[in-house]
Structures are given as C-alpha cells and as structure tokens.
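Below is one structure, written out as structure tokens; comments come after it.
Chain naming here is simple, since letters A, B, ... match the order of the sequence lines and numbering starts at 1 in each.
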There are 2 protein chains.
Amino acid sequence: MENIYEKNAKVFKAFCDPNRLMIIEMLQSGEKCACKILEDLNIVQSTLSHHMKILCESGLVGSHHAGKWTHYSLNKEGCEKAKNLLTEITTLNKKCENKKGWVTPDENGNA
Amino acid sequence: MENIYEKNAKVFKAFCDPNRLMIIEMLQSGEKCACKILEDLNIVQSTLSHHMKILCESGLVGSHHAGKWTHYSLNKEGCEKAKNLLTEITTLNKKCENKKGWVTPDENGNA
DNA sequence: ATAACATATCGATGTAAATAGATATGAGGT
DNA sequence: ACCTCATATCTATTTACATCGATATGTTAT
C-alpha cells in the first residue's frame, strides 16, 4: 500500500535523473525511436531501456511500436498532470497565509 | 562541475521524497518552526534537519532564525522557478511538432 | 556558569536506484 | 530456416540517498 505522498514522489522521480531530462528534451521536438535517442546519450542500450520504462510508467512519455522500432513521445496529459501536481504542491494556502511572515512560539504552542 | 541537466534534476530531487512532500504541504499554511514540523512526522530530529537542508538548498524553502528556533516557509520565487522549469521541460516545441505523430525510419536517417 | 532546549553536523548502516554486460524476444530481410 | 537488427529483461555491481544515534553548536533561563 502506498500513500499519496509516496505516489506523488514517484511522479517527480521521473524528473530526477539527468539522462531522463535529456530524453524528455529530445522528445520536445517530436517523436523519436529508441535508437535515435541512444545515439545522443552516453549510456548503453539496456540502461536506456530502463529509463524509457520509468518515463512511460510515470505517464510522461507514451510509446508505440512500428515494426522493429519503438517510438517514444511526450504524453500531453501526463505532462499536464505533473504540472498541475507541482502547482498544487507549491501554492501557498491564501487563507492561512501569515501576515507577519512567521509564527511566534506562543502561536506554535511551544512555551 | 555540473551541467544543466544535473542542476535541474536536483530541483526535482527536492520533491522526490514523501517526507519532504509532507513538509512542503505543512508549509502551505504558513511558516513553521522545525519542532512543529517534527511533531507531525515519524522521523527523528537529525533526519528532519537533513530534509530541511535539501529543501532550503533547492530554493523551495526559506528559513530564518529567531532565537532558539528556526522558522521555515515556502519561498515564492523558488516555487515559481520550479514550476517554470517543469513547464519549460514538458512543453512540446510547436515548430517541430510532427503532424503524423511519429517519425518514419527514413526521416530518422535509419535505413 | 551551568542547565535545558532547538537545531545542525558527523559517522555508520541499510536500501533504492543507475549502470553495464549477457541473454531473451520479436520483427524483417535473405 | 537463418541471420541481423531493435528493444526488453535479467543479474550483478556500484553509487546515491534516507535514516538513525551520537555529538557539536548556539540560545535562553536560572
């Protein structure tokens, strides 16, 4: 079983690796096959396959097979979800915003 | 030395841990001191300190000392930067968008 | 000065994740 | 049927990270 924090953390793990960020950048210019991506990275094929699996499972990237090739592309919905999640996480709750900018020990309930 | 991909990956690493996501959520309702955060998490004090360091170094969280206490709060600019980064990374480059939805082996330069 | 408290840092340990090599699967071409 | 190529999976290894206990630093109260 997995709580919401663990689930959300997994989404960001997809973005946590420099190689995966490079892959995502390559896909910004359109769909690419694995062999093309592999050319531009300093990793072996099995490592790329591992990263592509993580990107696909995170929903950020989609794939389809065409004969021998597997083509990868950015998945719009997956990317939107990630952006919405980040916004949700980083947005200050207006109602609770503290005008002073900090809480006092008293308000904290500490001493 | 660190390239842009490694640098960006670090930003997302701040979001990669369930405990850090919980901390960020707590800070949405305003500034909190470490001891208050510690109460709500199942970790020891040294572990919290480690997470706060990562959050501060990522720029997502700011801190200020008030006597014995250290107060933490979400840093607006840092959060904006993270959101902008994610948008930049996940946005399809319109000019290069492929109408067919995939590239052919020929266009790839492969066979 | 010393005691009590809040937080940071250090050192060790367990666990997860990245990587590579070897092998398997599956599609085309001959 | 066999060979080649593209990708996936398996296994082992190394590296990175989360966690904790112990200790250090710095603050306030007595």
Strictly below 4.0 Å: does [X] bring a side-chain N or O up to OP1 or OP2 of [N]?
X        : N       : result
Lys53(A) : dA8(D)  : no
His50(A) : dA20(C) : no
Thr47(B) : dA18(D) : no
Asn42(B) : dT19(D) : no
His51(A) : dT19(C) : yes

Send over the distance from [X] [atom1] to [N] [atom2], rounded to a whole Å.
X        : N       : atom1 : atom2 : value
His65(B) : dT27(D) : NE2   : C1'   : 12 Å
Phe15(B) : dC17(D) : CZ    : P     : 16 Å
Trp69(A) : dT25(C) : CH2   : C1'   : 17 Å
Lys32(B) : dT7(C)  : NZ    : C1'   : 18 Å
Met22(B) : dA18(D) : CE    : C1'   : 13 Å
His64(A) : dA27(C) : NE2   : P     : 16 Å
Leu55(A) : dT7(D)  : CG    : C1'   : 16 Å
Lys13(B) : dA17(C) : NZ    : C1'   : 10 Å

- request: Classify the angle between the aromatic ring planes of Phe12(B) and Phe12(A) as parallel (below 30°), tilted (30 to 60°) or perpendicular (above 60°).
  value: parallel
NA contact type, [X], heavy-atom cut-off 4.0 Å: base, sugar-phosphate, or nothing?
X        : value
Thr70(A) : sugar-phosphate
Leu38(A) : nothing
Ile43(A) : sugar-phosphate

- prompt: Of Ile54(A) and Gly67(A), whose nearest nucleotide on DNA chain C comes first from the 5' end?
  reply: Ile54(A)
- prompt: DNA chain C: Lys68(A) or Val44(A), which has the more 5' nearest nucleotide?
  reply: Val44(A)
- request: Choose from dA18(C), dT9(C), dA20(C) the nucleotide whose nearest atom is closest to any side-chain atom of Ser46(A).
  value: dA20(C)
- request: Quickly, which of Lys10(B), Lys7(B), Glu6(B) forms a side-chain contact (heavy atoms from CB on, under 4.5 Å) with Pro18(A)? Name it, please.
  value: Glu6(B)
message: Out of the candidates Ile24(B), Leu55(B), Leu60(B), only one should pair with Leu74(B) under the side-chain contact (heavy atoms from CB on, under 4.5 Å) rule; please name it.
response: Ile24(B)
query: Would you say the base of dA6(D) and the side-chain of Gln45(A) have a donor-acceptor pair closer than 3.5 Å?
result: no
query: Rounded to the nearest 0.5 Å, what separation is found between the OG1 atom of Thr90(A) and the NZ atom of Lys83(B)?
result: 4.0 Å
message: Please report the interatomic distance NZ(Lys32(A)) to CD(Glu39(A)), rounded to the nearest 0.5 Å.
response: 11.0 Å
field: Residues in ring pair (Phe, Tyr, Trp, His ring centres under 6.0 Å) contact with Tyr72(B), at least two apart in sequence or another chain
entry: none
Atom NZ of Lys81(A): over 12 foreign heavy atoms under 6.0 Å: no
- prompt: Are the side chain of Gln28(B) and the backbone of Thr91(A) linked by a donor-acceptor contact shorter than 3.5 Å?
  reply: yes
query: Using the C1' atoms of five pairs at each end, what's the angle between the two axes of the helix from dA1(C)-dT30(D) to dT30(C)-dA1(D), to 10 degrees?
result: 20°
